[in-house]
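Everything on this sheet refers to the single structure shown next.
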Number of protein chains: 2
Amino acid sequence: MNAYTEKLITFYRSHKRMPTYAELATLWSFKSKNAVFRVVGKMVAAGIVAKDHLGRLVPTSTFQETPVLGLVKAGLPSAIDGVETYGIDESEMISFDEFLIKDRAKTYILEVDGDSMIDAHIAKGDLVIVERAEKARDGDIVIAEVDGEWTMKYFREQKHDTGPWLEAANKNYAPIYPEHSLRIAAIVRGVVRKY
Amino acid sequence: MNAYTEKLITFYRSHKRMPTYAELATLWSFKSKNAVFRVVGKMVAAGIVAKDHLGRLVPTSTFQETPVLGLVKAGLPSAIDGVETYGIDESEMISFDEFLIKDRAKTYILEVDGDSMIDAHIAKGDLVIVERAEKARDGDIVIAEVDGEWTMKYFREQKHDTGPWLEAANKNYAPIYPEHSLRIAAIVRGVVRKY
DNA sequence: TTGCCTAGTGAACGAGCGTTCACTATACTG
DNA sequence: CAGTATAGTGAACGCTCGTTCACTAGGCAA
């Protein structure tokens, strides 16, 4: 991660687009676009950036991602070295948006209220990433309408005579055996909590 | 969210840059760039996209974000309507990357191992977003090196004669009163879990 | 010293950019 | 029916784009 790359990424993150060669000349303190042209050429060769079908720069994965350093408890020594020394070149990088969302058109966020899924470590105030779906598999955490009321629970397929039912992750809540209707609206794909 | 906007956002997400007017003409099935020019003009007026200091299109918040529909348990009726009807125009939108990360240069991701923070609903396999820091405040969840070992715990300031100490969120783990050293490496800012 | 590589300058190129203008066809208004 | 918006076409504009070429200065090897 050299100085050129750093400034380029900073530009991209603040402007939400790639700079032109003229802008890069200013950014990198070159007086000629040709100097920029050759530095960019090396970056492309190194896979730091990519080029469009007609010359324009396109960001690679590096630009929106955050380094994953390792386990918090096991194998930490070398990982935590990274925290101190900025030695992030070899670590994995992820973007939360890409990590959490598979099908954008079907994905929504809901804020959690209540404690019925607390034993699954989904607490009040957490955000859940849900994906619209009509069907779920046993064990999925689903957003469902059961007998006219909406709720988030574990989906249980069969095992009870009356067909699919719902189970809370909290022993204070009884299982829900739908009387009239059970309609799946979405499946929970992830949980996010911020402090 | 009309058809023009949808196609534009799709283009941006797959190409990671804004299209040119010529590309938009193809995308929107116009034969003239002028038709594009006027549609874009209305979009800019409506705040859907923005323009650069020299004409080029720049994405707004809409482009990388996901709609937040509402609470899972309370006030759900209207919110869940959104899930079904795509009526997402009025809902809040967030980008996880922007939501979770304040200072990119100081932020890293760690994978959680062990169950010492389980009562804080941070389980094995979760990812924690941490921000490098030397100091923490009472109650923060920190990544720290205590007497040569790395751990994730609640940071407790004073209250014990020997100075700051660490507390697990699991009654099976005893509090940690550092004998020689307690060094804060990072503060936990968020948790992410994927199913 | 000579020769060669590297890094940078500065001018020039065609192509594609966003934008403007003149014009056409359709639809709504009185 | 004429009159006026509205939406689209197609050609043209100046400007900036990425790229190329010719040239200069410094460093290193033979």
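Chain identifiers are assigned alphabetically (A, B, ...) following the order of the sequence lines, protein sequences preceding nucleic acid strands; residue numbering begins at 1 within each chain.
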How close or far is atom P of dG16(C) from atom CG of Asp52(A), stated in whole angstroms? 13 Å

Between Gly55(A) and Lys42(B), whichever has its closest DNA chain D nucleotide further toward 5' is Lys42(B)

Under 4.0 Å between any heavy atoms, over every strand shown, what does Lys51(B) touch: base, sugar-phosphate, or nothing? Just pick one. sugar-phosphate

Indicate yes or no for a side-chain donor-acceptor contact from Arg13(B) to the backbone of Phe63(B) under 3.5 Å, with no hydrogens or angles considered. yes

Using a cut-off of strictly less than 4.0 Å, decide whether Ser32(B) has a side-chain nitrogen or oxygen near OP1 or OP2 of dG8(D). no

Return yes if the base of dG18(C) and the side-chain atoms of Lys33(B) contain a donor-acceptor N/O pair under 3.5 Å, otherwise no. yes

The nucleotide from dT20(D), dG8(D), dA7(C) with an atom nearest the side chain of Ala35(B) is dG8(D)

Interatomic distance, Arg17(A) CZ vs dT16(D) P [rounded to whole Å]: 14 Å

Do Trp165(B) and Ile176(B) have side chains that approach each other closer than 4.5 Å (heavy atoms only, starting at C-beta)? no

Between dG8(C) (P) and Asn34(A) (CG): distance, integer Å: 10 Å

Atom-to-atom span, CZ of Phe37(A) to C1' of dA7(C) - whole angstrom: 15 Å

Options dG10(D), dT20(D), dT19(C), nucleotide nearest the side-chain atoms of Tyr21(B): dT19(C)

Regarding Glu98(A) and Lys194(B), does a basic nitrogen lie under 4.0 Å from an acidic carboxylate oxygen? no

Is any NZ, NE, NH1 or NH2 atom of the basic residue among Arg156(B) and Asp138(B) found under 4.0 Å from an Asp or Glu carboxylate oxygen of the other? yes

Nearest-angstrom distance from the residue atom CZ of Arg38(A) to C1' of dC5(C): 12 Å

I'd like to check Ile48(A) versus Thr62(A) (side-chain heavy atoms, cut-off strictly below 4.5 Å). Are they in contact? no

Taking only the side-chain heavy atoms of Ala22(B) (C-beta and beyond), determine which of dT20(D), dC17(C), dT20(C) contains the nearest atom. dC17(C)

Proximity to the side chain of Phe30(A) - top-ranked nucleotide from dG8(C), dG18(C), dT9(D): dG8(C)

Whole-Å distance separating the CG atom of Leu24(A) from the P atom of dT9(C): 14 Å

Any idea which of dG10(C), dC17(D), dT20(C) is nearest the Thr20(A) side chain? dC17(D)

5'-most contact on DNA chain C (nearest-nucleotide basis), Glu23(B) vs Tyr4(A), goes to Tyr4(A)

